[in-house]
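Everything on this sheet refers to the single structure shown next.
Whatever order the structure lists ligands and atoms in, that order sets their numbers, starting from 1.
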Amino acid sequence: MKKITIAIDGFSSTGKSTLAKQLANHLGYVFVDTGAMYRAVTLFAMQHGYMSADFFDKKSLVNSLPFIKLVFKFNADLGYGEMYLNDVNVETEIRKIEVSHFVSKVAEVSEVRSKLVEQQQEMGKDKGIVMDGRDIGTVVFPDAELKIFMTSSPVTRAQRRYDELIAKGDVITFEEVIENVVERDYIDSHRKDSPLVMADDAIEIDNSHLDREEQFQLVLDLVNECTKSL
Ligand code: DC
């Protein structure tokens with residue numbers, strides 16, 4: 001069957017990566033979580049003292065971009081690629097709330113975006129890819145055959161992220177998580193460069209009342225329809 005490009009965009013914690021992973025495993029496609037790339041650049045900035053609560057040395061981060069190597073290495077046990085920053089596995093660290101607090105600031109920087117978008121386009125040049133993020137259907141792959149835009153209520157999303165973080169052993173309150181989710185959505189949707197907007201030809205899925213399996217089946221039907229018509 002002909003391979004297509006599947007772009008999944010949407011607000012934070014809408015389950016984009018979960019759906020993208022499920023689809024990629026089922027279809028034998030490559031899965032790319034672009035949020036992990038923005039998170040890894042943020043971790044680099046934090047490790048080098050380029051950012052803290054009230055401080056962001058954008059210039060130093062931009063100058064360091066040539067020295068930031070991002071690679072997804074496939075982990076057969078997990079069934080997806082883990083993020084490596086300069087050859088170190090940072091998969092756990094990049095999911096922590098400290099990184100979530102700073103990542104939207106880093107994602108506003110145009111030089112960071114161009115570097116990551118270029119790498120993402122290269123990864124998808126042979127199609128057969130499911131990529132999730134905020135600008136996949138609008139900027140990275142505007143010609144993707146299937147574009148999904150995921151939404152759900154902020155409370156549902158914060159609850160999902162909270163449960164995930166607690167399960168990983170993080171010490172955090174629900175209020176802290178919902179505040180972060182709402183703040184990131186605001187910054188992501190209002191930034192100048194590649195804001196989070198739904199592509200005109202995207203299909204919106206509100207999964208507030210769908211379970212994982214229902215959502216997967218719904219999107220799989222869309223994939224089948226799309227590949228049939230090629
Ligand atoms: O999907 P996530 O929550 O892990 O993404 C982390 C942040 O990265 C998110 O707040 C916005 C940013 N991001 C982006 O600007 N563009 C993308 N394609 C993916 C993520």
Side-chain angles (χ1 to χ4, degrees), residues 5-21 31-46 51 56 58 61 68 70 72 80-83 85 90-124 129-142 144 147-152 154 156-165 168 170 176-199 202 207:
T5 299
I6 305 174
I8 302 184
D9 289 303
F11 294 103
S12 53
S13 302
T14 40
K16 300 182 297 295
S17 297
T18 305
L19 171 66
K21 263 182 228 163
F31 156 65
V32 177
D33 166 9
T34 60
M37 301 171 76
Y38 288 92
R39 286 172 178 272
V41 174
T42 306
L43 183 65
F44 179 95
M46 291 163 68
M51 58 195 325
F56 181 20
K58 222 184 271 184
L61 176 62
I68 299 180
L70 303 177
F72 286 102
Y80 60 87
E82 292 182 292
M83 184 83 254
L85 164 63
V90 291
E91 191 58 37
T92 305
E93 262 184 285
I94 58 169
R95 308 288 166 193
K96 296 207 162 146
I97 193 83
E98 292 80 10
V99 174
S100 302
H101 278 314
F102 293 131
V103 64
S104 289
K105 287 261 153 252
V106 169
E108 281 182 308
V109 181
S110 293
E111 292 86 344
V112 171
R113 301 205 71 85
S114 336
K115 176 185 164 101
L116 299 195
V117 167
E118 194 182 314
Q119 196 177 338
Q120 290 152 9
Q121 288 172 334
E122 180 62 27
M123 290 189 265
I129 193 160
V130 191
M131 190 173 278
D132 84 85
R134 305 293 190 288
D135 58 344
I136 312 306
T138 49
V139 176
V140 183
F141 298 123
K147 299 180 186 177
I148 305 289
F149 190 88
M150 291 174 65
T151 61
S152 58
T156 308
R157 294 188 281 125
Q159 189 66 50
R160 283 182 193 144
R161 184 52 65 107
Y162 175 75
D163 292 344
E164 252 172 49
L165 292 167
K168 282 184 196 160
D170 281 16
E176 205 179 338
V177 176
I178 195 162
E179 225 175 78
N180 179 254
V181 162
V182 171
E183 188 194 8
R184 274 200 297 140
D185 287 347
Y186 183 85
I187 301 178
D188 293 343
S189 323
H190 290 81
R191 65 174 171 237
K192 268 206 215 105
D193 189 350
S194 318
L196 169 64
V197 283
M198 184 168 117
N207 66 11

Give the atom numbers and elements of ligand 1 that come within less than 4.0 Å of a heavy atom of Asp188.
9 (C), 10 (O), 11 (C)
I need the atoms of ligand 1 closer than 4.0 Å to a non-hydrogen atom of Ala107, numbered in the order shown.
12 (C), 15 (O)
For atom 20 (C) of ligand 1, which of the options Ser189, Gly35, Ser17, Pro195 provides the nearest non-hydrogen atom?
Gly35
Would one find an N or O of Thr34, backbone or side chain, under 3.5 Å from an N or O of ligand 1?
yes
Does the N or O separation between Arg95 and ligand 1 drop below 3.5 Å for any pair?
no
Any Arg113 heavy atom less than 4.0 Å from ligand 1:
yes
Side chain, backbone, both or neither: which part of Arg191 has a heavy atom under 4.0 Å from ligand 1?
side chain
Around atom NZ of Lys21, are there more than 12 heavy atoms of other residues, nucleotides or ligands at under 6.0 Å?
yes
Hey, are Glu164 and Arg161 close enough for a salt bridge, meaning a charged N less than 4.0 Å from a carboxylate O?
yes
Is it true that Met37 lies under 4.0 Å from ligand 1, counting heavy atoms only?
no
Between ligand 1 and Arg134, is the shortest N or O to N or O distance under 3.5 Å?
yes
Could you pull out every donor-acceptor pair under 3.5 Å between side chains of residues 103-111 and any protein atom, sequence neighbours left out?
{"unit_1": "Ser104", "atom_1": "OG", "unit_2": "Asp188", "atom_2": "OD1", "d": "3.2"}
{"unit_1": "Ser110", "atom_1": "OG", "unit_2": "Asp193", "atom_2": "OD2", "d": "2.8"}

When distances are taken from atom 18 (N) of ligand 1, the protein heavy atom at minimum range is Asp135 OD1, 2.8 Å
Lys/Arg N to Asp/Glu carboxylate O, Arg95 vs Glu91, below 4.0 Å:
yes
Do any nitrogen or oxygen atoms of Asp132 come within less than 3.5 Å of a nitrogen or oxygen of ligand 1?
no
Give the atom numbers and elements of ligand 1 that come within less than 4.0 Å of a heavy atom of Ser104.
10 (O)
In ligand 1, which numbered atoms sit nearer than 4.0 Å to a non-hydrogen atom of Arg39?
2 (P), 3 (O), 4 (O), 6 (C)
With sequence neighbours excluded, residues passing side-chain hydrogen bond (donor to acceptor under 3.5 Å, both in side chains) with Thr14
none
Which residue supplies the protein heavy atom nearest to atom 3 (O) of ligand 1, what is that atom called, and how far is it?
Arg184 NH1, 2.9 Å
